[in-house]
Amino acid sequence: MKAILCKAYGLPDTLVLEDIPSPVPGPGEVVIQVKACSLNFPDTLTIRNMYQFKPPLPFSPGSEASGVVKEVGEGVTHLKPGDRVFTYGTHGGLAEERLTDARTTIPLPDGMDFITGASTLYAFGTSYHALKDRANLQPGETLLVLGAAGGVGLAAVELGKLMGATVIAAASTDEKLVVCREKGATHLINYTSEDLRERIKDLTQGKGVDVVYDPVGDRWAEPAIRSLAWRGRYLVVGFAGGEIPKIPLNLALLKGCSLVGVFWGMFAQKEAARNGKNLQDIATWVVQGRLAPYVSRRYTLSEAPQALTDMMERRVIGKAVVVME
Ligand SMILES: NC(=O)c1ccc[n+]([C@@H]2O[C@H](COP(=O)([O-])OP(=O)(O)OC[C@H]3O[C@@H](n4cnc5c(N)ncnc54)[C@H](OP(=O)(O)O)[C@@H]3O)[C@@H](O)[C@H]2O)c1
């Protein structure tokens, strides 16, 4: 079977496409014939050895995929060959066949296609956990989403709207913001050309926002925290901007606000039942058409390095998906 391989850590152009033997499932594992694999920012970090999970070399990147079960290992009872599934983990999706953990492999609901399935779990799973379990977002509250046209950002926009919040989407280009509007944002801020704090002040009549969803970090984190309302919650989701910001803690005191960490992968391990319930809610909403992952571009397996480069260069809106021929 063909697989994109990371044989030495580096940029996407160091990845190679090779023929390798099919994987064999061990106890508790499943092999799926991959139909689609969507990319997530951590995939761009894993290949550079910059992520907290470090698969041993060589490995196929690609944390999230959908496909058809080919073979199950000992002890796997909830899946059988032929089942349509979606799955997440640290790596392995950019291959025609993926070895994956049965505990994170879930039957694909009837009516959900493979591309949608491959684009659903990571972004909506992270953002729902963040907004519901970590921020306790309430109807009528104001939610600011930074990097709002990215994978998890756009999911936060859509979920924020679904949960009854007024969503302010902030992103780097007007083209990205158009999509945020389509997904339910009431207000838009182009943080390349506009002053983030001033615009938030104007939009909230000086009150500030109740919740900030921040997958970007870097220079946007501090102005976003300074834009929180009294008792606001700032969600630490990621640092796609590059720098991990250092925040003066007096801001938390002055605003009576909470700085709240979000780590969906660990939540899924430590609180599997709650995560399972969240994913069930998400799958239901996707099947009902109340949520819909925004897939802006499809790539072939051999184009996967280009897809990762596009993500690193901020060209992806919503999800980029590699579809197997
Ligand atoms: N905590 C968790 O459990 C969890 C789970 C999943 C992902 N994450 C993290 O969330 C972040 C976003 O992940 P994602 O998969 O949604 O990524 P993505 O689709 O690439 O979105 C990231 C967004 O960040 C913005 N950005 C600003 N500076 C950037 C830069 N130098 N390079 C790339 N993007 C930049 C871009 O928006 P603009 O161009 O509009 O600025 C981009 O749309 C990552 O840091 C990831 O590790 C965390």
Side-chain angles (χ1 to χ4, degrees), residues 11-12 37-48 50-53 61-64 88-90 93 118-135 144-159 168-180 183 185 188-194 196 213-221 224 234-245 259-271 275 278 293-297 307-321:
L11 290 168
C37 170
S38 88
L39 298 179
N40 293 284
F41 196 81
D43 301 328
T44 72
L45 299 174
T46 310
I47 60 171
R48 291 178 285 161
M50 290 167 66
Y51 199 54
Q52 51 258 47
F53 297 118
S63 36
E64 177 175 25
Y88 62 93
T90 54
S119 313
T120 290
L121 294 176
Y122 222 95
F124 287 121
T126 299
S127 296
Y128 192 42
H129 168 54
L131 298 177
K132 176 184 158 218
D133 305 319
R134 305 301 288 139
L144 168 70
V145 181
L146 302 177
V152 297
L154 205 51
V157 169
E158 213 174 351
L159 280 164
I168 304 175
S172 64
T173 69
D174 291 346
E175 183 198 2
K176 290 185 174 189
L177 288 168
V178 167
V179 179
C180 298
K183 286 295 185 186
L188 308 175
I189 303 177
N190 180 329
Y191 50 44
T192 311
S193 59
E194 298 179 291
L196 188 65
Y213 181 98
D214 184 4
V216 183
D218 205 277
R219 66 186 184 284
W220 306 118
Y234 167 83
L235 295 165
V236 184
V237 181
F239 313 103
E243 285 297 313
I244 297 178
L259 309 181
V260 190
V262 176
F263 191 173
W264 178 62
M266 199 52 76
F267 167 71
Q269 280 179 34
K270 288 188 180 289
E271 302 181 50
N275 182 53
N278 282 2
Y294 184 87
V295 177
S296 58
R297 192 159 163 201
L308 288 161
T309 302
D310 288 346
M311 177 161 267
M312 289 174 68
E313 296 181 353
R314 299 164 81 171
R315 285 195 289 267
V316 173
I317 300 182
K319 300 292 290 182
V321 183

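Positions are given from 1 along the sequence. Any value given below was found using the heavy atoms of this structure, including those in side chains, with hydrogens, waters and symmetry copies removed. Just so you know, ligand 1 is whichever comes first in the structure, and atom 1 is the first atom listed for that ligand.
Taken to the nearest 0.5 Å, the CE atom of M311 stands 6.0 Å off from the CG atom of N40.
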Give a table of atom pairs where an N or O of ligand 1 lies under 3.5 Å from a protein N or O.
residue	atom	partner	partner atom	Å
ligand 1	1 (N)	V237	O	2.8
ligand 1	1 (N)	V262	O	2.7
ligand 1	3 (O)	W264	N	2.7
ligand 1	15 (O)	F41	N	2.9
ligand 1	16 (O)	G151	N	3.1
ligand 1	16 (O)	V152	N	2.8
ligand 1	19 (O)	G151	N	2.8
ligand 1	31 (N)	A240	O	3.4
ligand 1	32 (N)	A240	O	3.3
ligand 1	39 (O)	S172	OG	2.6
ligand 1	39 (O)	K176	NZ	2.7
ligand 1	39 (O)	R314	NE	3.0
ligand 1	39 (O)	R314	NH2	3.4
ligand 1	40 (O)	S172	N	2.8
ligand 1	40 (O)	S172	OG	3.2
ligand 1	41 (O)	Y191	OH	2.6
ligand 1	41 (O)	R314	NH2	2.8
ligand 1	45 (O)	F239	N	3.2
ligand 1	45 (O)	A240	N	3.3

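Among residues two or more places apart in sequence or in another chain, the side-chain contact (heavy atoms from CB on, under 4.5 Å) test is passed with A155 by A123, F124, S127. Here R219 pairs with nothing under the side chain to side chain donor-acceptor pair (under 3.5 Å) rule; sequence neighbours left out. Every residue two or more places apart in sequence or in another chain that forms a side-chain contact (heavy atoms from CB on, under 4.5 Å) with I244 is listed here: F239.
When all heavy atoms of P245 and A221 are compared, the pair lying nearest together is CG-CB, 3.4 Å.
At distances below 3.5 Å, at least one donor-acceptor pair connects side-chain atoms of R134 with backbone N or O atoms of G261.
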